[in-house]
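Presented below is the structure to which this report refers.
Lettering of chains follows the sequences in order, A, B, ..., and the numbering in each one begins at 1. Values in this document were obtained by computation on a predicted structure and should not be read as measured data.
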Amino acid sequence: MTLRIYNTLSGQKEEFQPISDDRVRMYVCGITPYDETHLGHARAYVTFDVIRRYLEYLGYKVEHAQNITDIDDKIIQKSKLKSQSCQEIAEQYTQAYFEVMDALNVKRAGEYPRATENIPQMIKFIQGLIDKGYAYVVEGDVYFEVSKFADYGKLSKRKLDDMQSGARVKIDERKKSPLDFALWKAAKEGEPYWETPWGKGRPGWHIECSVMSSGILGDQFDIHGGGLDLVFPHHENELAQSEAFTGKKPWVKYWVHNGFVNVNQQKMSKSLGNFFTLKDIYKKFDPMAVRMFLLGSHYKSPINFSDAQLKESGEAFKRLARAVKDLDFYIENLKGHEAEEEVAETNDEIENLRARFKDAMDDDFNTAAALAVLFEMVSLINREIKEQIVKKASLLAYKEAIVELAGVLGLVIVRDVGTRGDTLGDVEKLIEERSQAKKNKDFKKADEIRDSLKERGIILEDTPQGTKWSKE
RNA sequence: GGCGCGGUAGCCAAGUGGUAAGGCAGCUGUCUGCAAAACAGCAAUACGGCGGUUCGACUCCGCCCCGCGCCUCCA
């Protein structure tokens with residue numbers, strides 16, 4: 001099977017064929033850093049992180065760029081509120097963003113272009129649109145004239161007439177059409193501005209993505225992504241600008257959009273005030289529980305956030321992580337070697353599971369189905385350990401496979417168990433003491449040791465091969 | 001009004017024209033000094049409603065009901 005991706009532009013799943021054979025150029029709409037990163041953002045960036053990881057797994061070289069909108073109304077507002085420069089505000093929240101994303105194991109993009117660092121290119125781009133007759137200047141503002149671009153609406157499947165009748169926006173009389181959108185905004189008193197041929201001002205929202213994506217990835221590239229809420233107007237407008245400017249179609253081959261995170265069946269959003277920041281969520285839950293939660297359903301479906309859901313995802317993650325810890329333990333402690341046929345059989349099983357994992361991911365990145373394959377592997381491993389039909393060689397092979405596939409989903413299932421020598425030695429000494437106590441049938445003492453370690457977050461489990469310990 | 005998404009066991013969630021993955025929770029058993037984990041098994045006889053097409057639909061078609069989103073800054 002080959003990879004198929006749902007393309008918003010065509011409204012269908014399409015076979016994925018990048019513009020050049022061995023590399024994929026992907027642009028993801030990034031954040032406007034004026035507030036804390038919340039779960040909704042996590043959904044978007046985990047989605048594209050998985051897409052990137054899977055493409056890399058398939059052997060593509062992925063060029064991944066993600067913008068940072070470091071100048072905009074919200075930032076200006078916040079800057080006034082906190083008496084800090086826009087730059088400071090943007091920088092602060094950008095760093096906060098990286099922190100919470102790192103915890104989620106989201107790979108950093110190759111480039112993070114900032115709007116304010118690309119102003120000359122934007123001016124050139126806008127001037128080009130004016131020269132070609134797609135844009136006009138009104139009192140220092142520059143607008144894109146939607147009616148000049150025949151394909152307008154093709155991404156979001158809207159007709160100009162439908163929109164006009166339904167528009168609830170207050171109409172700016174200076175614009176030729178209410179749908180015309182700002183490429184450039186004239187500066188207001190006290191706002192940051194840049195000099196341009198048409199006066200002082202700052203960029204509109206959409207222009208940066210057109211300019212920066214093509215600046216880094218070229219006039220045409222493979223994947224452009226973001227949340228479903230960006231389809232209109234943001235991406236529709238970007239598309240119009242870019243294709244109008246270069247005359248090349250399609251600007252973007254595959255448009256990919258992720259669904260929302262809901263709270264009590266409502267979209268999590270800033271304006272509703274029902275958003276949960278990752279920083280706060282991490283106080284109660286492991287970031288991997290969050291990742292698991294996001295991976296548990298298809299990236300386009302709405303998902304409902306609740307503590308109970310995250311807890312459940314955390315439990316599921318633990319089952320996965322435990323399986324790997326167990327593998328380590330038994331690789332270390334299981335005596336003897338298995339027959340060659342057994343190893344061959346293990347490799348067959350792994351091949352089969354790997355193929356099914358790939359089938360799932362090939363179907364528009366079906367992480368929920370891929371995860372199911374991972375859990376089947378866990379069951380298989382646990383059963384074979386229990387029945388003692390596998391030994392070291394098979395266990396090593398299983399471990400390699402499960403870490404590999406979990407890695408494609410960005411799940412970190414192998415973790416440092418605390419390598420500080422003294423702590424480790426201390427724990428092992430206590431375990432030894434407890435084993436002695438158990439031998440002497442001094443269960444009271446044995447339980448005390450187990451309880452005291454539990455208070456330190458260390459769980460003991462007895463097995464026929466000895467006592468296993470792990471951190472919670 | 002326009003466009004779009006969803007309604008699968010107690011909960012979450014894949015999926016298929018021929019009687020349904022996986023996870024969480026529950027119950028029983030095995031193992032254990034006890035536990036934990038794991039394993040085995042059980043239970044829900046799970047596919048919004050009504051019609052239609054078909055030998056056969058949860059899966060296709062039509063209508064309806066319910067929930068949600070976008071159309072305005074938003075991942």
K444(A)/E448(A) ion pair, N-O < 4.0 Å: yes
Ring-base stacking, F375(A) with G22(B) (5.5 Å, 30° cut-offs): no
Spacing of D35(A) atom CG relative to A75(B) atom P, expressed in whole Å: 11 Å
Side-chain ion pair, R354(A) and E404(A), N-O less than 4.0 Å: yes
Rounded interatomic separation in angstrom, taking CG from L380(A) and C1' from A40(B): 15 Å
Contact under 4.0 Å: N382(A) side-chain N or O vs C39(B) OP1/OP2: yes
Whole-Å C1' distance, G6(B) and G18(B): 26 Å
Sugar-phosphate, base or nothing in reach of R450(A), heavy atoms under 4.0 Å: base
Who pairs with G22(B) - Watson-Crick or G-U, where each distance is under 3.5 Å: C12(B)
Rounded C1' spacing from G69(B) to A75(B) in Å: 13 Å
Presence of R356(A) side-chain N/O under 4.0 Å of A21(B) phosphate oxygens OP1/OP2: no
Sugar-phosphate only, base, or nothing, as touched by Y45(A) at under 4.0 Å among non-hydrogen atoms: sugar-phosphate
Spacing of the P atoms in A43(B) and U28(B) (rounded, Å): 15 Å
5' precedence on RNA chain B between V373(A) and S156(A) (nearest-nucleotide basis): S156(A)
Pairwise P distance, C50(B) and C65(B) [rounded to whole Å]: 15 Å
Between R114(A) and T116(A), a side-chain donor and acceptor under 3.5 Å: no
Among G22(B), C3(B), C70(B), the one nearest D229(A) by side-chain distance: C70(B)
Separation of the C1' atoms in A46(B) and A13(B), to the nearest angstrom: 12 Å
Sugar-phosphate, base or nothing in reach of G259(A), heavy atoms under 4.0 Å: base
Touch class at under 4.0 angstrom, heavy-atom based, for Q309(A) against every strand present: sugar-phosphate
d(CD, E312(A); C1', C11(B)) in whole Å: 6 Å
G69(B) OP1/OP2 closer than 4.0 Å to side-chain N/O of N262(A): no
Sugar-phosphate only, base, or nothing, as touched by E376(A) at under 4.0 Å among non-hydrogen atoms: sugar-phosphate
A38(B) OP1/OP2 closer than 4.0 Å to side-chain N/O of R383(A): no
Salt-bridge contact D462(A)-R434(A) (side-chain N to carboxylate O under 4.0 Å): yes
Sugar-phosphate, base or nothing in reach of F443(A), heavy atoms under 4.0 Å: base
Distance, rounded to the nearest Å, where E315(A) contributes CD and A36(B) contributes C1': 13 Å
Proximity to the side chain of R434(A) - top-ranked nucleotide from C34(B), A36(B), A75(B): C34(B)
Value in whole Å for how far the P atom of A75(B) lies from CG of N274(A): 14 Å
For D141(A) against A186(A), the heavy-atom pair lying closest together: OD1-N, 2.8 Å
Aromatic F98(A) / basic R108(A) pairing, under 6.0 angstrom, 45° off normal: yes
G4(B) - base-pair partner by Watson-Crick or wobble geometry, distances under 3.5 Å: C68(B)
S301(A) side-chain N/O to A14(B) phosphate OP1/OP2 under 4.0 Å: yes
Sugar-phosphate, base or nothing in reach of G296(A), heavy atoms under 4.0 Å: sugar-phosphate
Sub-6.0 Å ring centroid separation between F285(A) and F293(A): no
Residue pair I89(A) / Y34(A): nearest heavy atoms and the distance that separates them: CG2-CA, 4.3 Å
Pairing partner of A40(B) (Watson-Crick or G-U wobble, both distances under 3.5 Å): U28(B)
Selection from U72(B), A37(B), C24(B) that lies nearest to any side-chain heavy atom of D326(A): A37(B)
Value in whole Å for how far the C1' atom of C3(B) lies from CG of L228(A): 12 Å
Sugar-phosphate only, base, or nothing, as touched by V231(A) at under 4.0 Å among non-hydrogen atoms: nothing
Sugar-phosphate only, base, or nothing, as touched by S269(A) at under 4.0 Å among non-hydrogen atoms: base
Side-chain N or O of K454(A) closer than 4.0 Å to phosphate OP1/OP2 of A35(B): no
Sugar-phosphate, base or nothing in reach of H234(A), heavy atoms under 4.0 Å: nothing
Nearest-nucleotide pick for A368(A), side chain only, options being C70(B), G69(B), A14(B): A14(B)
Residue whose nearest RNA chain B nucleotide is more 5′ - D72(A) or Y6(A): Y6(A)
Touch class at under 4.0 angstrom, heavy-atom based, for L374(A) against every strand present: nothing
Separation between the C1' atoms of G7(B) and C58(B), rounded to whole Å: 13 Å
Sugar-phosphate only, base, or nothing, as touched by R322(A) at under 4.0 Å among non-hydrogen atoms: sugar-phosphate
Sugar-phosphate only, base, or nothing, as touched by N366(A) at under 4.0 Å among non-hydrogen atoms: sugar-phosphate
Minimum-distance nucleotide (side-chain atoms of K74(A) versus C73(B), G69(B), C5(B)): C73(B)
F276(A) ring center within less than 6.0 Å of H38(A) ring center: no
Length of the line joining L9(A):CG and C3(B):P, which is rounded to integer Å: 18 Å
Atom P, compared across C47(B) and C11(B): separation rounded to whole Å: 12 Å
From G22(B), C5(B), A75(B), nucleotide with atom closest to N258(A) side chain: A75(B)
d(CG, D462(A); P, G33(B)) in whole Å: 9 Å
Opposite nucleotide pairing with G51(B), Watson-Crick or G-U, both atom distances under 3.5 Å: C61(B)
Sugar-phosphate only, base, or nothing, as touched by T37(A) at under 4.0 Å among non-hydrogen atoms: nothing
Inter-nucleotide C1' distance (A25(B), C31(B)), Å rounded: 23 Å
Any I350(A) side-chain heavy atom under 4.5 Å of L353(A) side chain: no
